[in-house]
Amino acid sequence: MTNFPSKRKSSGIKQWDHVYTSSVQNAPSHHWLKIFGAGALKGMVVTLKNFVTSYFRKPDQGGIFTVQYPEERYPEIENYRNLPFLVYDGSPDKVRCVACGICERECPPKCIYITMETDVAGKPVRKPAVFDIDYAVCMNCGICEEVCPFDSIFMDHVFEIASPRRIDTGMIRHQEDLLKSSEYLQKIRPKTATMIDEKKRAAEEKKKAVVKPPQGPTV
Amino acid sequence: MTSFIEEIRKELSERLPNIKLRLVRASILIENPKDLTQVVFYLKENPRFLLDYLSSITAVDYLDYLESVYHLYSMEKKQGPVVLRVRVSKTDTTIPSLIPIYHGAELQEREAYDTFGIIYEGHPNLKRLFMWDGFEGYPLRKDYEQEDSEILETADIEWLESKGIGITNEVKEKAKQMKMENKRAAAQKPEKPRN
Amino acid sequence: MENMTQVENRHPSETLEINFGPQHPSTHGVFRMQMLLDGEKICSLKPVLGYLHRNHEQIAENITYAASMAYTDRLDYLNAMTNNFAYAIAVEKLAGIEVPERAEYIRVIMAELARLVNHITVIGFLLNDMGAFFTPLLYAFREREKILDIFEEVSGSRMMCNYFRFGGVKRDLTTENLTAIMQIVRRFPAFLEEFEALLTKNEILCMRCQNVGILPANLAVNSSITGPVLRASGVNYDIRKVDGYSIYKRFDFRIPLGEKGDVYDRYFVRILEMRESLKILYQALNKIPQGEFLNKKTLPFLKMPRNFKPAVGEAYGRIESPKGELGFYLVSDGTPQPWRYHVRAPSLINLTVLEDICIGQKVADAIIILGSIDIVLGETDR
């Protein structure tokens with residue numbers, strides 16, 4: 001039997017700290033159990049009990065716990081991380097990503113490929129021109145989300161992405177496929193999204209407080 | 001822990017005075033690889049230390065020499081790690097095996113042989129562990145060049161032809177030329193890494 | 001009578017060499033054994049490895065320390081939290097990072113939950129190999145699902161958790177998480193009673209497992225065996241008590257030891273270890289303090305892993321994983337990538353003794369012995 005330590009103060013680590021299996025095995029049992037075959041019969045009673053009670057027990061107490069998949073879904077957990085996606089605010093032009101390349105550098109299997117956009121004069125613009133992620137190589141570690149300084153790449157919850165080809169329309173996702181709105185982020189990860197919005201609001205308030213025009217002396 | 005190591009070193013230099021030892025970073029370096037079995041046997045049988053549990057055998061490549069590192073613990077006395085090192089050069093890589101003393105050294109020495117090329121004398125079955133038997137080269141050394149699987153070598157061409165797959169003549173010529181120059185099919189490394 | 005030819009007592013026979021091949025449902029992965037059989041008895045057995053070799057050690061020499069935390073999940077893929085724990089301890093020894101109190105408690109809770117997950121899975125698969133076609137396995141998996149749900153809520157993924165960071169853990173545990181874990185801990189003994197009623201005194205199991213694959217204690221110590229296999233042979237060595245890494249010294253738990261060292265003892269030692277893990281979990285959940293979950297000095301390294309450059313040196317960090325002693329040997333040369341990264345895998349080293357205890361047994365017993373030694377190919381081949 002598992003003896004949970006009682007509420008009174010324990011006297012520290014006991015001197016004997018091991019227990020032999022034979023001392024537990026040879027515990028006294030009922031004499032009818034000594035008939036040959038009684039152990040197997042006791043086991044069959046367990047399986048019969050499980051079979052009968054599975055019809056009316058709740059799933060987490062021994063009932064049927066499988067979910068009929070396409071019709072019923074298991075409830076989504078907020079922190080589940082599967083594959084990355086990019087976030088835009090408002091319209092797909094206003095991408096949060098500035099193509100700094102940190103997620104590309106830190107990705108362990110190197111599945112991200114980024115190129116920065118340049119305007120007509122050749123000067124770099126802070127937007128990605130090419131942002132490719134190879135979904136077949138991505139190992140769902142979540143490191144790109146951790147290191148992004150601009151809160152622009154997050155881990156999505158999609159898992160139904162099977163496709164017949166590996167390269168075109170298949171596993172290599174380009175920027176258009178990866179962009180999703182910030183309302184979508186709010187829907188799948190409410191706590192993270194609200195935290196980021198509050199951080200942004202606090203930063204803007206601080207900026208406004210600094211830029212207040214100097215007040216002249218009160219008359 | 002340092003005092004334990006120094007205790008061991010003092011005892012070893014008293015009892016086995018012919019063996020040269022040195023303290024390197026809280027571990028004992030045995031200068032001559034041939035003395036390894038004597039030191040380990042002494043440490044195992046001495047009733048003060050009783051180091052009867054060999055935890056791991058590792059090999060490291062330090063560009064000039066290869067090093068084999070041993071971690072020993074004591075199950076009887078529950079004593080802490082004793083780290084021993086042995087250094088060999090890259091051309092003559094033989095170290096006496098610890099199989100007569102510890103049976104648990106068998107698979108770990110095979111792994112060190114497979115990945116680094118250290119040959120343990122006295123090991124009954126020193127074959128490759130992870131790579132297939134005909135593999136050439138020692139992958140975890142720092143000067144190992146990655147193979148390019150698109151370029152075929154003569155051994156690959158023979159194997160493919162024995163399975164009935166035809167190879168064009170120019171590929172065969174290239175492979176023959178590479179074999180004459182004694183070059184392996186090394187992969188091209190980019191000159192500058194992207195990041 | 002004289003015309004009758006003498007019938008020999010024993011037909012002249014040859015030994016048969018078979019490959020207990022890489023594709024087999026009972027070898028727990030792609031593992032091959034070359035057996036030499038005389039009838040049904042085994043004359044010799046050689047394990048052949050390398051079918052899952054993914055070159056983990058060389059990959060780690062080219063990426064940063066933080067990025068290879070994601071790769072360590074895939075070593076022993078059944079309990080990923082334990083591998084993360086061992087790697088975090090090794091790097092913290094190398095760089096001299098301290099871990100705050102609450103983070104230590106969270107780590108111990110996750111490690112003991114992983115121990116529960118591993119032991120039920122092993123017992124379930126052992127019974128699967130014996131022929132109890134999936135019934136005990138699915139009872140075990142019912143409990144495992146609840147624990148995997150906890151892992152998903154806490155770290156984001158059921159198996160490849162990537163939860164530990166150098167100096168703490170990635171995300172804090174909320175009160176809902178703690179209540180859920182406490183509920184599991186309270187309901188687990190009832191499940192264990194049911195599991196034991198099904199299995200422990202079962203005559204079929206007793207007859208198949210007792211006196212099969214006996215491992216003597218001195219051979220076990222000499223062959224560097226660790227974990228429940230060693231303790232079933234009677235040797236009292238558990239790294240949680242010997243080294244006292246993390247905060248295990250504060251908890252009150254016992255170490256189950258076997259007496260004979262056969263398959264039945266290894267099964268029973270795992271059941272008793274599960275009960276002791278429940279005790280540790282109960283104590284940890286009651287005493288967990290408020291505080292930080294990550295050492296503040298390592299926060300900048302989370303955002304810029306390239307800046308994490310430990311001092312030149314080496315470290316060997318080891319923990320008691322459910323399969324044995326899992327150790328990481330790291331050599332650093334001052335750059336963000338390690339110079340040498342080696343995993344001391346318990347599954348590989350516990351296989352040293354497979355031939356010695358299988359000789360003379362029958363083929364069906366060899367399957368059970370392999371199941372009780374508990375290997376996972378991700379760790380053996382790396």
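Proteins get letters first, then strands, A, B, ... in listed order; numbering begins at 1 in each.
- In this structure, P109(A) and Y71(C) have side chains that are in contact, with non-hydrogen atoms separated by less than 4.5 Å.
- Heavy-atom distances place no part of C206(C) under 4.5 Å from chain A, backbone and side chain included.
- Other residues, nucleotides and ligands contribute over 12 non-hydrogen atoms within 6.0 Å of the NZ atom of K287(C).
- The residues E146(A) and K303(C) are annotated as not salt-bridged, no charged nitrogen and carboxylate oxygen being separated by less than 4.0 angstrom.
- Of all the heavy atoms in C141(A) and N162(C), the pair that sits closest is O-ND2, 2.8 Å.
- With a threshold of 4.5 angstrom between heavy atoms, K260(C) does not approach chain A through any atom at all.
- Counting heavy atoms from C-beta on, the side chains of N50(A) and R142(C) come closer than 4.5 Å.
- Residue A66(C) touches chain A through its backbone alone, counting heavy-atom pairs closer than 4.5 Å.
- Neither the backbone nor the side chain of M274(C) comes within contact range of chain A; no heavy atoms are under 4.5 Å apart.
- Environment of CD1 in I204(C): sparse, with no more than 12 heavy atoms of neighbouring residues, nucleotides or ligands closer than 6.0 Å.
- No more than 12 heavy atoms of other residues, nucleotides or ligands lie within 6.0 Å of NZ in K49(A), so this atom counts as exposed by the packing criterion.
- Across every non-hydrogen atom of E152(C) and N79(A), the tightest pair is O-CB, 4.2 Å.
- Atom OG1 of residue T64(C) and atom CD1 of residue I143(A) lie 7.0 Å apart, to the nearest 0.5 angstrom.
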Quiz item: Passes side chain to side chain contact (heavy atoms under 4.5 Å, CB included), R74(C) versus M139(A)? Steps please.
Solution: CA-CA 10 Å; R74(C) 279 126 171 115; M139(A) 60 191 226; 3.5 Å; yes

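- Heavy-atom distances place no part of F51(A) under 4.5 Å from chain C, backbone and side chain included.
- Put simply, of N286(C), D149(C), L199(C), I271(C), the one with the most heavy-atom pairs under 4.5 Å next to chain A is D149(C).
- In this structure, R54(C) places its CZ atom where more than 12 heavy-atom neighbours from other residues, nucleotides or ligands lie under 6.0 Å away.
- Most heavy-atom pairs under 4.5 Å with chain A, from the set M304(C), M160(C), R171(C): that is R171(C).
- Atom OH of Y69(A) sits in a crowded spot, with more than 12 heavy atoms from other residues, nucleotides or ligands closer than 6.0 Å.
- Annotation: side chain of T47(A) is in contact with side chain of L198(C) (closest heavy-atom distance under 4.5 Å).
- Looking at C148(A), the atoms closer than 4.5 Å to chain C (heavy atoms on both sides) all sit in the backbone: N, CA, C or O.
- At a threshold of 4.5 Å between non-hydrogen side-chain atoms, the residues I63(C) and E106(A) do not count as touching.
- Counting heavy-atom pairs under 4.5 Å between each of E145(C), R158(C), R165(C), M69(C) and chain A puts R165(C) at the top.
- Note that OG of S157(C) and CE of M155(A) are 9.5 Å apart. Values are rounded to the nearest 0.5 Å.
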